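Bear in mind the structure is a predicted one, so any value in this text is a computation, not a measurement. Labels below follow one simple rule: chain letters A, B, ... track the order of the sequence lines, proteins then strands, and each chain is numbered from 1.
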Amino acid sequence: MRFLPAGDLAVCVELGEEISVEVNTRVRALEFLIQQKGLTGVVETVPAYSSLLVYYDPRAVGYEPLCAAIAELVPQATTAVLPPARTVELPCCYEDPELGFDLTAAAKRLELSIDELVRLHAGAEYLVYFIGFTPGLPYMTGMPERINIPRLDTPRTKTPPGSVGIGGIQCCIYSVESPGGFWILGRTPVPLYDPSASEPTLLRPGDRVRFRRIDRAEFDTIGAAVAARAYRPVIA
Amino acid sequence: MIRILDAGPQTTVQDLGRTGQMRYGIPPSGPVDRFAFVLANRLVGNADGAAALECTLIGPRFEVTAAGAIAVTGADMPVTVNGQRAAGWTTVALKPGDVVKLGPARTGVRSYVGVAGGLDVPLVLGSRSTYLRGRVGGVEGRALRKGDELRVFPSGPGKARRVEQRSIPDYTGEPTIRAVLGPQADRFTAEGLQALFGGRYEVLPQSDRMGSRLRGPRIAHARGHDIVSDGIALGSIQVPGDGQPIVLLVDRQSTGGYTKVATICSSDIWRVGQARPGQSLRFHPIDVDEAHRLLREADRALDAAVREEIA
């Protein structure tokens, strides 16, 4: 464990340097404990793969006392303290090359049939390590090793929102149109970020995500329901 | 009500920003120059966090439909009321039908228009601040446009106030910005750190509310410029592979995978946001305790800045 100052309003609590479910679970458990205990002076927290950025008000707490209070919570930061995870089901259309525009190339690169790649991707359960980069964008892993693929050599400048991509061990869903280096296998019609909703972001750190394979017709039906504000995401 | 006649290139509604949304990827937003923003509000008798306008390089022209007061602080934009010059950093009383214009900034980048009562736009996730990339807050999540009408909360009888001349910041020259090393200072070479704290860094035109892009002596990495993504604090100096720094501001991405060599202390961050493209900055390292001492000093300076005029 290391405490790294991030200016005078935040401290980065580093619990490891690798991407692993074990370390990330401790990060989220530490965040949960800090919120639950209402540590003096803490303003907000931002979990990432292996660290927690803790924003604080130096008028309310000094750097050393804050680090000491956090350090005291670290040993208790285990899966046991976390509330049960939510599972969010996201419909995903893989079959249309207009949506999953890298599917064929990714299958070729991985030496898999298209159907096999879709089956492997859609069959896995994903863990949302954290949300970041753009509003509502989940950083996830959970794919079978067989579909680990290096990121695109040349990142594209625009990726449409809802695009479901893979790169390295990660799976990513673009929440807004943004540049990106992931291979896009499909698209979900469910918005991960809707600025007009009272809760604009769908996913939370620690969520489990499952993809449900849908065809283009269902993609369009759900898209229309979303537009009419008549769609409720499936969350268990 | 305030009716926008000309919006200027980027005029947005801001309050002190959102809290608690970065874990969902939504940055705090709020004013780039918090010092000038708070003074604009205090000059018109508002709470520090009342919603006000942030204007960028060229100000707006607007008409007020009711009597009230405004105050313009920050970048030095010439202010006129019905074509007559009015002073910045002071309370300006207005009557219905008055037309206020803020011209191009002579120094600095961002000016603030505090409005007595505060601007009445909807709270989104607890804040009235505009987050342009995320299209939330302010007026429909966007910069103001000609024809926009902004409601104003009622305010009590106004007092005339002004900011003391000695408290008005100078936005020209080559400011020295103080920064705390880290979180990833250990990923840079000694020469890289010497470059950062010895060199001169020019502000590039691609700078915005997300970050200020700088160009200067290369800040060399010791081992790789990529890290396992982590949270990004206000003022963190991110250094990608090309060794050129980007200072992250109020609309920054909540997390990122580049090394951050140092983080500018909160009492100096406004200087970065007020430096114009072509202007240069220098950096000076301090420790966290010193940064906290400077913050207390800045709080006191803010409290001492505003004087009530004796009629």
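Between A:Leu53 and B:Ala233, the shortest heavy-atom distance links the atoms CD2-N, 3.8 Å.
Within the 4.5 angstrom heavy-atom criterion, no atom of A:Glu177 approaches chain B. A:Ser175 does not touch chain B: none of its heavy atoms, backbone or side chain, sits under 4.5 Å away. Neither the backbone nor the side chain of A:Leu52 comes within less than 4.5 Å of any heavy atom of chain B. In this structure, no portion of B:Asp287 lies under 4.5 Å from any heavy atom of chain A. Neither the backbone nor the side chain of B:Arg296 comes within less than 4.5 Å of any heavy atom in chain A. Contacts between A:Ile131 and chain B at a heavy-atom distance below 4.5 Å involve backbone atoms as well as side-chain atoms. Of the two parts of B:Gln21, only the backbone, made up of N, CA, C and O, holds a non-hydrogen atom closer than 4.5 Å to a non-hydrogen atom of chain A. Proximity to chain A (any heavy atom under 4.5 Å) is restricted, for B:Arg18, to the backbone atoms N, CA, C and O. Residue contact with chain A, scored on non-hydrogen atoms closer than 4.5 Å, involves the side chain of B:Asp299 exclusively. Looking at A:Glu31, the atoms closer than 4.5 Å to chain B (heavy atoms on both sides) all sit in the side chain, from C-beta outward. Using a 4.5 Å cut-off between heavy atoms, A:Phe130 touches chain B through its side chain atoms alone. For A:Tyr193, the part lying near chain B is the side chain, with the backbone staying farther off; criterion is any non-hydrogen pair under 4.5 Å. Looking at B:Leu181, the atoms closer than 4.5 Å to chain A (heavy atoms on both sides) all sit in the backbone: N, CA, C or O. Residue A:Ala6 touches chain B through both its backbone and its side chain, counting heavy-atom pairs closer than 4.5 Å.
With rounding to the nearest 0.5 Å, the separation of CG in A:Asp8 from CZ in B:Arg293 is 12.5 Å. Here CD of B:Gln253 is found 10.0 Å from OG1 of A:Thr134. Values are rounded to the nearest 0.5 Å. Between the OG atom in B:Ser254 and the CD atom in A:Glu44 there is a gap of 9.5 Å [rounded to 0.5 Å]. Distance check, rounded to the nearest 0.5 Å: CG of B:Leu295 to CZ of A:Arg59 gives 4.5 Å. Interatomic distance, B:Ile227 CD1 to A:Ser51 OG, rounded to the nearest 0.5 Å: 7.5 Å. Taking CD from B:Gln184 and SG from A:Cys12, the interatomic distance works out to 6.5 Å, rounded to the nearest 0.5 Å.
With contacts defined as side-chain heavy-atom distances shorter than 4.5 Å, the pair B:Tyr24/A:Glu199 does not qualify.
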**Prompt:** Under the side-chain contact (heavy atoms from CB on, under 4.5 Å) criterion, do B:Arg23 and A:Gln35 qualify, and how do the steps go?
**Reply:** CA-CA 13 Å; B:Arg23 71 190 299 274; A:Gln35 287 172 354; 3.9 Å; yes
**Message:** side-chain contact (heavy atoms from CB on, under 4.5 Å), that's the test. Do B:Thr19 and A:Tyr55 meet it? Break it down for me.
**Reply:** CA-CA 10 Å; B:Thr19 307; A:Tyr55 286 85; over 6 Å; no
